[in-house]
Undergrad: 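My questions will all concern the structure given below.
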Number of protein chains: 2
Amino acid sequence: MNLTAEQKHQRRQAAYNAALEHCPARQLLETISSKWVTLVLLELAEGPRRHSELRRRIPGASQKMLTSTLRSLERDGLVVRHLTASVPVRTDYELTPLGRALLGVVYGLKEWAEASMPAVELARLEHDQLAADVSGTSATVATIPATKWNNFSHIEP
Amino acid sequence: MNLTAEQKHQRRQAAYNAALEHCPARQLLETISSKWVTLVLLELAEGPRRHSELRRRIPGASQKMLTSTLRSLERDGLVVRHLTASVPVRTDYELTPLGRALLGVVYGLKEWAEASMPAVELARLEHDQLAADVSGTSATVATIPATKWNNFSHIEP
DNA sequence: CGGAATCCTTTCCGATACTG
DNA sequence: CAGTATCGGAAAGGATTCCG
């Protein structure tokens, strides 16, 4: 059984990816990059919240995703869940100190993002404009008013 | 046409998500969280690289993903592509100043990740152990030797 | 109320083949 | 060498329903 060069490459590809799984930096990155994590952290930053409160404050998340996000945060020790056995049941979620530390990282990320996005958006406009010129169609570039996302302060230190 | 409470919630869900798209912090997060971005940035941190060099140094990425990662970085003005029209063609990729700045953010993330991962892993072990106790099966928890990922220094300042 | 289970669509991505 | 094009499987995630 002799392998083609392409197949050999795929062997190394698999091995490399397997090793990547164990990199702590990557694991953290995957945690905070799952869409709802930051929003949940931010809401919990202001105090314990019930499940239904979170749903109201983060209406973008479906019930399924909210629950699974919370489960994952709980597993990582970033959030604790308090159960009050009454009828109907009441659950409260609260940040742990570790969770608060992660919040600090997120704020840092936010600072840099807002400082850099103007440059990135400029680059995108130029890039897309160039592409439009090459194809003859001269597509209209959608311009997003800065007020739109500026007012959407879903991450505040 | 009267809507159920559930349907009203879904209206807000869509609107909220549409607004989220324009948040610069989220856009940055999505950029750096796409799996190969950090690895490419790190490789380019040491100097310009050809396409084939990147493939060798980052064997985990398929050719397709490597190209699409590079295209996206190029569009955002984080990387520039130099084409040398010879036979065969030669392309070099190089970080822009903006790209180097992003690299700084990534390093910061890495520092925090390595500092915090021990606590997170401990929390996971406890959490999973508890779950195993509840179900009678007492599943064996896979223990990953720290040396494994410790040696995998794919992010170095 | 807080969730788990199911179904079903959409998106991502690897594999493969082809081009200048 | 450095891509592009296309296909199919796997996985993420939304909608809906049911349960304690």
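All values derive from a computational prediction rather than experimental measurement. Each chain gets a letter, A, B and so on, in the order its sequence line appears, and its residues count up from 1.
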Undergrad: Just so I know, are the side chains of B:His9 and B:Arg12 near enough to count as touching, which here means a heavy-atom distance under 4.5 Å?
TA: yes
Undergrad: Both A:Asn17 and A:Val89 contact DNA chain C. Taking the nearest nucleotide for each, which residue is further toward the 5' end?
TA: A:Val89
Undergrad: For A:Arg71 and for A:Gln10, find the nucleotide of DNA chain C with the closest heavy atom, then tell me which residue's nucleotide is more 5'.
TA: A:Arg71
Undergrad: Nearest whole Å is fine: how far is C:dG2 C1' from A:Arg49 CZ?
TA: 18 Å
Undergrad: In terms of side-chain heavy atoms of A:Lys64, which of C:dG2, C:dG14, C:dT6 is nearest?
TA: C:dT6
Undergrad: Is a donor on one side and an acceptor on the other found under 3.5 Å between the side chain of B:Arg26 and the backbone of A:Lys35?
TA: yes
Undergrad: Once you round it to whole Å, what is the distance between C1' of C:dG2 and CD of B:Glu6?
TA: 13 Å
Undergrad: Establish, with yes or no, whether the OP1 or OP2 oxygen of C:dC1 is under 4.0 angstrom from a side-chain nitrogen or oxygen of A:Gln63.
TA: no
Undergrad: When you measure from the side chain of A:Glu94 to the backbone of A:Leu44, do you find a donor-acceptor pair of N or O atoms at a distance under 3.5 Å?
TA: no
Undergrad: At the 4.0 Å heavy-atom cut-off to chain B, mark where contacts on DNA chain D begin and end, going 5' to 3'.
TA: D:dC1 to D:dT16
Undergrad: Give a yes or no answer on whether the side chain of A:Ser72 reaches the backbone of A:Ser68 with a donor-acceptor pair at less than 3.5 Å.
TA: no
Undergrad: Taking A:Thr96 for the side chain and A:Leu78 for the main chain, is one N or O donor matched with an acceptor at less than 3.5 Å?
TA: yes
Undergrad: Can you measure A:Gln7 atom CD to C:dA17 atom C1' for me and round it to whole angstrom units?
TA: 15 Å
Undergrad: Just the rounded figure in Å: distance from P of C:dG14 to CZ of A:Arg12.
TA: 16 Å
Undergrad: For the pair A:Asn17 (side chain) and B:Gly60 (backbone), establish whether a donor and an acceptor sit closer than 3.5 Å, ignoring hydrogens and angles.
TA: yes
Undergrad: Less than 4.0 angstrom between a side-chain N/O of A:Ser52 and OP1 or OP2 of C:dG2, yes or no?
TA: yes
Undergrad: Starting from P on C:dC1, measure out to CG on A:Leu66 and report it in whole angstrom.
TA: 14 Å
Undergrad: Which sits closer to the 5' end of DNA chain D, A:Met65 or A:Pro88, going by the nucleotide each is nearest to?
TA: A:Met65
Undergrad: Taking A:Thr31's backbone N and O only, do any of them form a donor-acceptor pair with A:Ser34's side chain (distance below 3.5 Å, no angle check)?
TA: yes
Undergrad: Distance check needed: C:dT11 P versus A:Lys35 NZ, whole Å only.
TA: 12 Å
